[in-house]
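We're numbering straight along the sequence, starting at 1.
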Amino acid sequence: MPDRMRPRHWPKASYDPKYDPMVDAGPGHNRDHAPTYWIGTAGAPPEDDGPVSEDMDVDVVVIGSGYTGLSTAIHLAKEHGIKATVLEANTVAWGCSTRNGGQAQISSGRLKRSQWIQRWGVDMAKKMHAEVCEAFELFNDLIGSEDIDCDPQTGGHFYLAHREKVMPNLEKECQLLNETFGYGSRMIGRDELHERYVRDQEACGAMWEPDGTSIHAAKLAFSYVRLARKLGAKVHTASPVMGWKVKNGMHHLTTPGGTVRAGAVALATAGYTPPGLDNRTKHRLMPILSNSIVTRPLTDDEKAECGFQTKSPLTDTRTLRHYYRFLPDDRVQIGSRSAITGRDAENPKHLALLRKGLHRKFPALTDVDLDYSWWGWVDVSHDMMPRVYQPDPDRTVYYAMGYGGNGVMYSAQAGKRLAQIVAGKKIEVDLPIFNSPLPSHGILTPFRRLGQRIMYPYYYVKDEIL
């Protein structure tokens with residue numbers, strides 16, 4: 001593109017609370033971060049390589065500077081000697097990676113182990129479990145290294161029964177984990193839960209999983225940026241992909257500041273994937289809004305009433321689940337599902353519902369002041385499981401996405417796996433998440449949000465009444 005025709009770099013744009021990946025053509029250009037607790041307490045963002053400012057030739061482009069994209073860049077450099085070029089439309093780690101709940105669990109999608117067995121059979125489910133266990137080891141190695149500073153709090157994950165009727169199914173899942181997968185989960189009764197861990201007033205008991213870690217979401221993302229650049233990767237912010245053509249096998253990606261020509265492209269855009277970015281990811285994910293709030297620091301009396309003796313991640317058993325934790329600075333963070341559209345995201349009724357959830361669990365926090373409130377898009381796939389995949393064997397385009405809200409931990413492994421296939425190496429593990437594409441919603445595609453409007457009330461009745 002001639003210089004005289006090239007758009008100038010835009011100044012920093014403000015955060016757009018109504019952004020909607022199903023409606024907007026793209027995520028924007030140089031937009032600021034959402035006003036999350038993580039951004040407010042992480043300190044200054046790390047240095048990056050600024051916007052693309054000239055045409056360039058590179059080996060690999062990674063689109064998206066969140067956990068997955070940065071893990072891909074890190075593992076391309078560490079394990080394959082490839083120095084990737086990361087393109088980010090806005091500010092670094094602008095999407096899911098600085099808007100999540102900071103919970104690392106031993107999961108990779110929305111399905112439980114029993115659902116893996118129903119779908120794939122016991123043998124494949126065991127392979128999937130081994131993959132997730134390996135992923136947690138990788139994640140632990142990463143956050144335990146001198147290059148990563150993310151305030152980890154270990155202690156396992158608590159899966160809380162929000163009603164007595166849920167306990168039998170939770171006990172069956174616990175038994176399955178132990179007997180079929182050899183995993184050391186255990187059931188905890190209400191009295192033990194309240195005495196030793198947390199005084200959640202609606203919890204009737206819990207299943208405890210030994211692998212679970214709370215982290216500072218933005219500090220983790222920022223550490224990934226520093227490590228990727230230390231290993232030789234380039235991270236270009238304010239560089240949205242505005243056009244994409246393939247010429248003689250090379251990908252020509254047009255950004256406001258120049259065209260980036262690459263031999264391969266890895267997509268790591270998750271819930272913020274623009275519909276026009278690539279046909280192989282178009283409408284393959286259902287972006288779902290999740291709300292999150294953080295209270296002011298609790299008083300000593302409030303802490304005693306809430307009984308927090310763990311900073312581990314906690315999740316309840318609702319279909320529209322609540323996930324929460326006690327933060328190192330004595331605040332409580334809690335999140336759950338939110339509006340259906342970006343246009344409705346600021347509607348105060350969604351905040352009121354989340355407050356109601358907090359108050360049910362901790363009556364002492366009724367009307368507690370909030371210091372932070374935000375929302376972000378979760379990348380839910382049609383079959384509730386992620387994919388790391390090359391959709392066309394004749395085209396050097398790859399993607400990793402679809403975690404369904406469980407990507408904090410598994411994104412590290414997904415980036416490692418994505419780096420493998422970008423580098424031309426086969427993934428040795430035969431799993432559906434590696435050998436099949438993100439499924440299409442088919443003829444239901446135009447009606448997905450209508451379905452959401454129907455299902456949310458049903459889930460509420462199922463969770464709270466039936």
Looking at [X], I want to see if its [atom1] is surrounded by more than 12 non-hydrogen atoms of other residues, nucleotides or ligands under 6.0 Å.
X	atom1	answer
Lys78	NZ	no
Gln452	CD	yes
Glu346	CD	yes
Tyr456	OH	yes

Hey, does the side chain of [X] reach the backbone of [Y] with a donor-acceptor pair shorter than 3.5 angstrom?
X	Y	value
Asn90	Arg31	yes
Thr237	Thr91	no
Asp316	His322	yes
Ser223	Asp149	yes
His382	Leu438	no
Ser411	Thr68	no
His33	Arg99	no
Gln103	Thr315	no
Trp38	Asn100	yes
Ser239	Val52	yes

How long is the span from the [atom1] atom in [X] to the [atom2] atom in [Y], to the nearest 0.5 Å?
X	Y	atom1	atom2	result
Arg448	Leu285	CZ	CG	8.5 Å
His350	Arg355	NE2	CZ	15.5 Å
Thr310	Leu314	OG1	CG	6.0 Å
Asp211	Ser312	CG	OG	11.0 Å
Lys416	Ile74	NZ	CD1	12.5 Å
Ile293	Leu370	CD1	CG	4.5 Å

Next item on the list: Test Thr299 against Asp301 for side-chain hydrogen bond (donor to acceptor under 3.5 Å, both in side chains), laying out the working first.
Entry: CA-CA 5 Å; Thr299 66; Asp301 287 345; 5.4 Å; no
Side-chain contact test, heavy atoms from C-beta onward, threshold under 4.5 Å: evaluate it for [X] versus [Y] and give yes or no.
X	Y	answer
Tyr399	Thr273	no
Val235	Leu87	no
Ile106	Tyr410	no
Leu351	Ser373	yes
Leu160	Thr317	no
Trp375	Pro17	yes
Val198	Gln309	no

Between [Y] and [X], is the closest basic N to carboxylate O distance under 4.0 Å?
X	Y	value
Arg261	Asp57	yes
Asp16	Lys18	no
Lys230	Asp147	yes
Lys311	Asp330	no
Asp20	Arg343	no
Asp151	Lys219	yes
Lys425	Glu79	no

Hey, are [Y] and [X] close enough side-chain-wise for a donor-acceptor pair under 3.5 Å?
X	Y	answer
Gln153	Ser214	no
Thr259	His252	no
Glu209	His157	yes
Thr396	His251	yes
Ser14	Asp32	no
His162	Arg360	no

State, to 0.1 Å, how close [X] and [Y] come at their nearest heavy-atom pair, and which atoms those are.
X	Y	answer
Asp24	Tyr19	OD2-CD1, 3.0 Å
Gly404	Val378	C-CG1, 3.4 Å
His216	Thr41	NE2-OG1, 2.8 Å
Thr98	Ala93	OG1-O, 2.7 Å
Pro274	Ala25	CB-O, 3.6 Å
Ala34	Ile39	O-CG1, 3.9 Å

Checklist line | Working for salt bridge (Lys or Arg N to Asp or Glu O under 4.0 Å), residues Asp200 and Lys361 | finding: CA-CA 5 Å; Asp200 182 327; Lys361 296 177 182 300; 3.4 Å; yes
Margin query: salt bridge (Lys or Arg N to Asp or Glu O under 4.0 Å), that's the test. Do Arg229 and Asp48 meet it? Break it down for me.
Written below: CA-CA 8 Å; Arg229 296 184 72 237; Asp48 56 57; over 6 Å; no
Notebook entry, point to check: Parallel, tilted or perpendicular for Phe158 and Tyr197, by the 30°/60° rule?
Noted result: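 Correct class here is tilted.
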Checklist line | Test log, rule ring-ring contact (aromatic ring centres under 6.0 Å, His included), inputs Phe362 and Tyr324 | finding: CA-CA 12 Å; Phe362 304 107; Tyr324 68 96; 5.6 Å; yes
Checklist line | Candidate list Leu138, Leu70, Leu231, test side chain to side chain contact (heavy atoms under 4.5 Å, CB included), partner His75, passing option | finding: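 Among Leu138, Leu70, Leu231, the one that satisfies the side chain to side chain contact (heavy atoms under 4.5 Å, CB included) with His75 is Leu138.
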Check: side chain to side chain contact (heavy atoms under 4.5 Å, CB included) with Gln333: which of Tyr372, Tyr37, Tyr323, Phe326?
Finding: Tyr323
Next item on the list: Verify salt bridge (Lys or Arg N to Asp or Glu O under 4.0 Å) between Glu131 and Arg417, making sure each step is shown before the conclusion.
Entry: CA-CA 11 Å; Glu131 167 69 12; Arg417 296 299 195 193; 2.6 Å; yes
